[in-house]
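Only one structure is covered here, and it is reproduced in the block below.
All residue numbers in this chain count up from 1 along the given sequence.
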Amino acid sequence: MAQEQRETGSAAALGQSSVASDLVDTRRFQRAGSLLREALFELDAAGRLVLATPAWERLVGAPVHAWLGRSLVELFHPEDRDQARVLLRTALARTDVPSRLELRLSGTPQPRWVELSATGDPEHLGGVLGTLVDVTPRRLAEEAAATRERYLGAMVEVQRQLLAPEASGDVYNSILEPLGRVAGASRAYVFEFHRDASGRMLQSQRAEWCAPGISRELDNPDTQAWPIDQAFTLSQLEQLHRGEAVQGSPEDFGADNAPVLLAQGIRSLLVLPLVVHGEPFGFIGFDNCDDSRPWSHVEVNLLSGAAGALSLALEQHTTDALRMRTETALRRTEAGFHLLIEGFPDPVVVHTTDGMLLSVNPAMANYLGYQDPAQLLGRHLLGLVRREDQEVARRHLEEAQDGALAARSHEVPLVRRDGQVVSADLVTLGVLFDGVPARVTVARDFTERKHMQAQLMLGDRLASMGMLAAGIAHELNNPLSYVLSNLEFLHRALGPMPRPLGAEELLEYQQVLDDAREGSERMRQIVRQLKVFSRVDDAHEEAVDLHRVLDSVAQMAASEIRPRARLVKQYGVVPTVRANEGKLFQVFLNLVINAAHAIPEGFTDAHEIRLITRVDDDDRVVVEVRDTGRGIAPELLRRIFDPFFTTKAPGQGTGLGLSICDTIVRALGGTITAESTPGNGATFRVTLHVSARPARVA
């Protein structure tokens, strides 16, 4: 009878333990989610939201309870929902590698992008675990960089057309096409101002470029001899007279002009004034017939620079004598290009192929602390660069070939007149002036990009955390389960009333407590690793024990490694390195996860990932991450550290991981290289400097 009572009590305790475990799982999910900026969620088999962390409301703009029971697919833009459904169906069938996709959120005034990652829940059959990460800043940064590159190419083309000897004839049509295409316009055109017999100011169209499928309006009577006080509002005319751009929808313009613009299919338009010899001469305009999107501030500034260059070119062609004199000057000194870059918003220099400065715009002079651009003429470009960085700058300049695409942007420290060092992002393009090769280099202040880079590093860190979330949960759940089980056993064994304990009981209870303490220590180590990995104090550097970092990485990535390969630690005797522990954690976690993903699942005995540490001949610490995976093709090996370059399938990676590793290691004064032969695995080698006072560790 007593035995039956004990068995019944044990069954009840197990039921209570199961409920307690579910509650702990939910609380653990919420607590772990509170540490992250990304939103973690759980779906049922029908794709409906079951659970989400507090970051959900911050990302989605609605509280979690308002979405419980709703389909996750409804969160996304209608055009992206089919992709979301496919991803979730794929995730249901897989619990090993998460599926990833970048999608737009629904109902936002401006496009807002998130990365959706999802995988099948190994703990609940038919469920899905996933994360949402805001990638809008990265998308905007990519678009802004691409816009500047496109406009730079168009500005060079405009400069070539304005400098060409035949440009004195049809100067308008030669530049409208490149400007219209880069602006994404449906039409680009030029209107000139003139007066009628009574002295009233009129406008007439002189030239036009149209995108395919867009009607031409040059011969439309409504585009000729139209009074400007009917075409524009009074405030718009004042803006044009002040040299400012005007943009808006047709309804924003003159009441009599709006129906004419609407009849031409215009949804929005941009007008940039042309001023010749200080007087209003006309304007260059851009129509958008597809949608009513505005042109951005950056686009308006760059197009205004082109309008200014056209205005100056028109001034040079007002008389034959002046035109002859100007063309001679253009052939000898490239003064025409100086006119073009004069209004460019970014710092710009023109230099010979060997680096002698030919032209400097005011923005560059101001950036380097000079009052007059002439103070820089005749100097060598490398003289503006710190001595220790001149070789890097020289290699960058050699990338630009005559008439080729712009050399890849590169961060180079420049020295201001007062000795202060500023970090600039250089883009260089090869051009020809009267048949002579030259270079144009644009310098962009690196401060904003540094901030974006920090955000991307954090985003990559959180994406890795989200990818490993299921594995981390499993690592925490195991010790937590037996800690709770042991404590429950002690609770039942000791009972509510104190009593004397025998020696055997004391020994047994001591062992139970030791097991519980060991499990608690395992959980403490995992939480410490999460804290180190997720901290954002990137400026703090200290003496770091590499072996402790690698051990933490191995434990964190265990769920990715276990189904693919054996992990082998080949540690040498190495000193501590001067670094930031969280940054090194991010570097080696990326390398280890990449190594795991290069190996197919199911062949653990045939593959290994090896972590090797040693000291090289220059007394630097070397860490190698070797794998026996599929390897990397030679043509791809050259590009693996480029930002946004990835060999993974669409939606499976951002291409930022290795670029961020390269940035972190170089910032620490180290190097990172890769070696690989297709089919024979790959080796990534990180070299770091020892700390000031090395401490030998085993």
Side-chain angles (χ1 to χ4, degrees), residues 144-145 148-149 151-153 155-156 159 298 301-302 305 309 332-433 436-453 662-663 666-667 669:
R148 285 185 178 273
E149 297 294 339
Y151 273 88
L152 177 60
M155 295 290 275
V156 170
Q159 170 262 335
V298 172
N301 279 347
L302 292 169
R332 293 180 178 175
T333 66
E334 280 74 65
F337 187 69
H338 175 75
L339 295 176
L340 178 66
I341 69 171
E342 192 79 17
F344 203 77
D346 287 330
V348 181
V349 295
V350 183
H351 50 92
T352 61
T353 55
D354 59 0
M356 195 66 64
L357 297 182
L358 300 175
S359 181
V360 180
N361 76 341
M364 175 62 86
N366 181 66
Y367 184 56
L368 296 178
Y370 292 87
Q371 293 183 345
D372 187 351
Q375 294 174 276
L376 291 166
L377 296 180
R379 295 181 58 178
H380 200 283
L381 180 63
L382 294 181
L384 306 177
V385 180
R386 293 189 311 186
R387 184 179 300 275
E388 59 267 33
D389 298 305
Q390 288 182 359
E391 184 58 32
V392 174
R394 182 180 289 107
R395 288 199 302 268
H396 166 75
L397 296 177
E398 289 173 352
E399 291 181 19
Q401 301 297 323
D402 299 335
L405 296 176
R408 186 173 69 91
S409 61
H410 201 290
E411 179 188 359
V412 176
L414 301 180
V415 182
R416 287 172 48 90
R417 187 180 187 183
D418 58 8
Q420 179 185 355
V421 176
V422 291
S423 186
D425 194 25
L426 301 185
V427 177
T428 299
L429 183 72
V431 294
L432 289 174
F433 293 100
V436 178
R439 303 283 187 269
V440 53
T441 294
V442 180
R444 291 173 291 189
D445 190 273
F446 204 57
T447 305
E448 181 179 352
R449 184 172 168 185
K450 279 281 189 184
H451 177 67
M452 181 58 63
Q453 190 177 73
D662 182 51
T663 299
R666 284 193 292 109

Check: Would you say Gln371 has more than 12 foreign heavy atoms packed within less than 6.0 Å of its CD?
Finding: no

Checklist line | Identified side-chain contact (heavy atoms from CB on, under 4.5 Å) counterpart of His351 within the set Met356, His380, Arg439 | finding: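 Checked Met356, His380, Arg439 against His351; only one passes side-chain contact (heavy atoms from CB on, under 4.5 Å): Arg439.
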
Next item on the list: With sequence neighbours excluded, tell me which residues meet side-chain contact (heavy atoms from CB on, under 4.5 Å) with Arg417.
Entry: Tyr370, Gln375

Margin query: Holding to side-chain contact (heavy atoms from CB on, under 4.5 Å), I want the full list of residues that pass it with Asn366, two or more places apart in sequence or in another chain.
Written below: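 So Asn366 forms no side-chain contact (heavy atoms from CB on, under 4.5 Å) with any residue.
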
Item checked: Asp346 side chain vs Ala363 backbone, donor-acceptor pair below 3.5 Å ->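 No, the answer is negative, given that no donor and acceptor are paired below the 3.5 Å cut-off.
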
Next item on the list: Look up atom CG in Leu384 and atom CG in Leu376, then write down how far apart they are to the nearest 0.5 Å.
Entry: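 The distance works out to 6.0 Å.
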
Checklist line | salt bridge (charged side-chain N to carboxylate O under 4.0 Å, His left out) involving Asp354 - partner list, sequence neighbours excluded | finding: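 With neighbours one apart ignored, the set is empty.
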
Item checked: side chain to side chain contact (heavy atoms under 4.5 Å, CB included) assessment of Leu414 paired with Val385 -> CA-CA 5 Å; Leu414 301 180; Val385 180; 3.8 Å; yes

Note to self: With side chain to side chain contact (heavy atoms under 4.5 Å, CB included) as the criterion, how do Val421 and Arg416 come out once you've worked through the C-alpha distance, each side chain's angles and the decisive distance to 0.1 Å?
What the structure shows: CA-CA 6 Å; Val421 176; Arg416 287 172 48 90; over 6 Å; no

Notebook entry, point to check: Can you list the steps and then say if Leu377 with Val360 is a side chain to side chain contact (heavy atoms under 4.5 Å, CB included)?
Noted result: CA-CA 7 Å; Leu377 296 180; Val360 180; 4.0 Å; yes

Note to self: Any non-hydrogen side-chain atom of Thr441 less than 4.5 Å from a side-chain atom of Val348?
What the structure shows: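 The answer is no; the side chains never approach within 4.5 Å.
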
Next item on the list: Could you walk me through whether Leu426 and Val442 pass the side chain to side chain contact (heavy atoms under 4.5 Å, CB included) test, one step at a time?
Entry: CA-CA 6 Å; Leu426 301 185; Val442 180; over 6 Å; no

